[in-house]
Amino acid sequence: MTNQDYVQLNRTGDKMPLVGFGCWKVSKDDVENTIYAAVKAGYRLFDGACDYGNEAEVGRGLKKAIQDGLVKRQELFVVSKLWNTFHSKDHVRSAAEKQLKDWNLEYFDLYLVHFPVPLKYVDPKDKYPPSWYQPNNEDSLEFERSPMHETWREMEKLVDDGLARNIGISNFNVQSVLDLLSYCRIKPATLQVEIHPYLPQKRLVEWVQSQGIQVTAYSSFGPGSYSGMSEAGKTTQPLLSHDKIKAIADKYKVSTGQVLLRWAIERGIAVIPKSEHEERLKSNRDVFSWSLDKEDQKEIDSLSCGLRFNNPDDMGLGLPLFA
Ligand code: NAD
């Protein structure tokens, strides 16, 4: 059982909070207030991305929290991600600089390659964030001939030049991590992937952790954020109201959300739940004063069925990334 609320990153030894705040889909109108409330509730890690389209608003929320004396910059752990259309060695630096400007920050604590998918460049003047949009081809993705070793070299330079304290990856599988490890000068500090009881990714997590890379789980609550994006997201029984999770939550007198987060933390995995409700914001962080019995962990493990919700192939993009 762990009651330590952070993990330490390789190379820098930076302490990354085990519970952070996910910034995807935070309602555009109220981002600043939500972020401010999250800082107030004790969140120190904020997980953003170009693709979430709200980096400037999140940055304003943090700025206000710093100005009001709730927190100091150095107590925050800010995470952002390089989008697919900026993988070229000519675009990594300018993408990161634009994002830092949006956040109103001088450095990211952690900057991730969002997907191992190099897409044709989209000029920010034409569309920002570009999402999966491709200017010359509406029907399919256009890949750019940007090998990951060139992208990663640029990521490493961001560290050299102080724009990112740590760098990492997201949505990589074992093969792509292994390849990266064969040439990197700076090893990835973290891997961020989809993990919840329907998709525990047991061997991926164990192997990546054995390489000294910390793992962050996204979409800890399963289908919640995908109801409008894929068939599986629409039709799968939500984990937050699943009978098995409910029974365990009742046993410990906690919420189902807390059970799902604690289940990940017990494996040394960081979590980044997103919520805009004050009470949930607080309760999602309250996962260190109790622990799950072995039998309950096993019961949750039994829900494993390989069900993935964030799959570009299921969103009509014709890319079976995890095949
Ligand atoms: P999540 O699993 O955190 O679920 C969010 C949903 O659950 C929201 O609808 C929220 O209102 C609800 N919720 C939150 N706490 C609750 C509680 N205690 N009780 C009941 N409902 C609750 O969703 P997510 O947004 O898929 O993932 C979290 C974060 O992970 C994102 O915000 C983003 O930062 C990151 N992410 C990264 C990637 C990637 O490709 N790297 C992909 C998806 C998400």
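We count ligands from 1, going down the list as the structure has it; atoms in each ligand are counted the same way.
For a threshold of 3.5 Å applied to N or O pairs, the pair formed by D47 and ligand 1 contains at least one separation below that value. Taking only nitrogen or oxygen atoms, main chain and side chain alike, S170 reaches within less than 3.5 Å of ligand 1. Between K81 and ligand 1, not a single N/O pair is under 3.5 Å apart. No N or O atom of G222 sits closer than 3.5 Å to an N or O atom of ligand 1. Checked by distance only, ligand 1 and S219 come closer than 3.5 Å through their nitrogen or oxygen atoms.
Between K246 and D250, no side-chain nitrogen of the basic residue sits less than 4.0 Å from a carboxylate oxygen of the acidic one, so the salt-bridge criterion is not met. Residues K98 and D102 are paired through a salt bridge, judged by an N-O separation under 4.0 Å between the basic side chain and the carboxylate. Residues K187 and E156 are not paired through a salt bridge, judged by the lack of any N-O separation under 4.0 Å between the basic side chain and the carboxylate. Salt bridge status for E206 with K202: present, with a side-chain N to carboxylate O gap under 4.0 Å.
Which parts of ligand 1 touch P273 is read off a 4.0 Å heavy-atom cut-off, strictly below it: atoms 3 (O). Near N171, meaning under 4.0 Å from any of its heavy atoms, are these atoms of ligand 1: 39 (C), 40 (O), 41 (N). Annotation for ligand 1: atoms under 4.0 Å from non-hydrogen atoms of N310 are 40 (O), 42 (C). If you number the atoms of ligand 1 from 1 as listed, the ones under 4.0 Å from a heavy atom of S275 come out as 14 (C), 15 (N). Close approach of ligand 1 to G22 (heavy-atom distance below 4.0 Å) involves ligand atoms 29 (C), 31 (C), 32 (O), 34 (O). The H114 neighbourhood of ligand 1 comprises atoms 39 (C), 40 (O), 41 (N), with distances under 4.0 Å to a heavy atom of that residue.
Protein heavy atom nearest atom 18 (N) of ligand 1, with residue, atom name and distance: N284 OD1, 3.0 Å. At the shortest separation from atom 29 (C) of ligand 1 among protein heavy atoms lies I272 O, 3.2 Å. For atom 21 (N) of ligand 1, the nearest non-hydrogen atom of the protein is L240 CD1, 3.4 Å. Closest protein heavy atom to atom 11 (O) of ligand 1: R280 NH1, 3.9 Å.
At least one heavy atom of C23 sits less than 4.0 Å from an atom of ligand 1. The closest approach between G224 and ligand 1 stays at or above 4.0 Å for every heavy atom of the residue. Ligand 1 is approached by Q192 to a heavy-atom distance shorter than 4.0 Å. Contact between F21 and ligand 1 is absent, with no heavy atom of the residue lying under 4.0 Å from the ligand. For Y226, the closest heavy-atom approach to ligand 1 falls below 4.0 Å.
Evaluated by nearest non-hydrogen atom to atom 24 (P) of ligand 1, the leading choice among A49, S220, S241, S225 is S225. Taking each of K25, H196, K274 in turn, the one with a heavy atom nearest to atom 6 (C) of ligand 1 proves to be K274. Nearest to atom 38 (C) of ligand 1 by heavy atom, out of F115, W24, Y218, is Y218. Distances from atom 37 (C) of ligand 1 to the heavy atoms of F221, F46, F309, Y52 show the closest one on Y52.
Applying the salt bridge (Lys or Arg N to Asp or Glu O under 4.0 Å) test to pairs two or more places apart or on separate chains, those with a residue in residues 159-180 are D14-R165, R93-D161, D160-R185.
Residues D109 and N166 approach most closely at O-ND2, 2.9 Å, considering heavy atoms. Between N171 and L321, the shortest heavy-atom distance links the atoms O-CD2, 4.4 Å.
Stacking of K274 on the aromatic ring of Y218 is not recorded, the 6.0 Å distance cut-off and the 45° axial limit not both being met. By the 6.0 Å and 45° rule, R267 stacks over the aromatic ring of W263.
Checked against side-chain contact (heavy atoms from CB on, under 4.5 Å), R60 has the following partners two or more places apart in sequence or in another chain: E32, A56, E57.
Once rounded to the nearest 0.5 Å, the distance linking OG1 of T151 with CD1 of I169 reads 12.5 Å.
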Subject >> Verdict with supporting geometry, H196 and F221, ring pair (Phe, Tyr, Trp, His ring centres under 6.0 Å) >> reply: CA-CA 6 Å; H196 42 71; F221 302 142; over 10 Å; no
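Outside the 6.0 Å centre-distance limit, the rings of Y111 and W152 are not counted as a close aromatic pair.
Crowding of K251 atom NZ: a count of heavy atoms from other residues, nucleotides or ligands under 6.0 Å exceeding 12.
Looking at T256 against ligand 1, nothing comes within 4.0 Å, counting heavy atoms.
For the residue pair Y52 and K81, a side-chain donor N or O sits within less than 3.5 Å of a side-chain acceptor on the partner.
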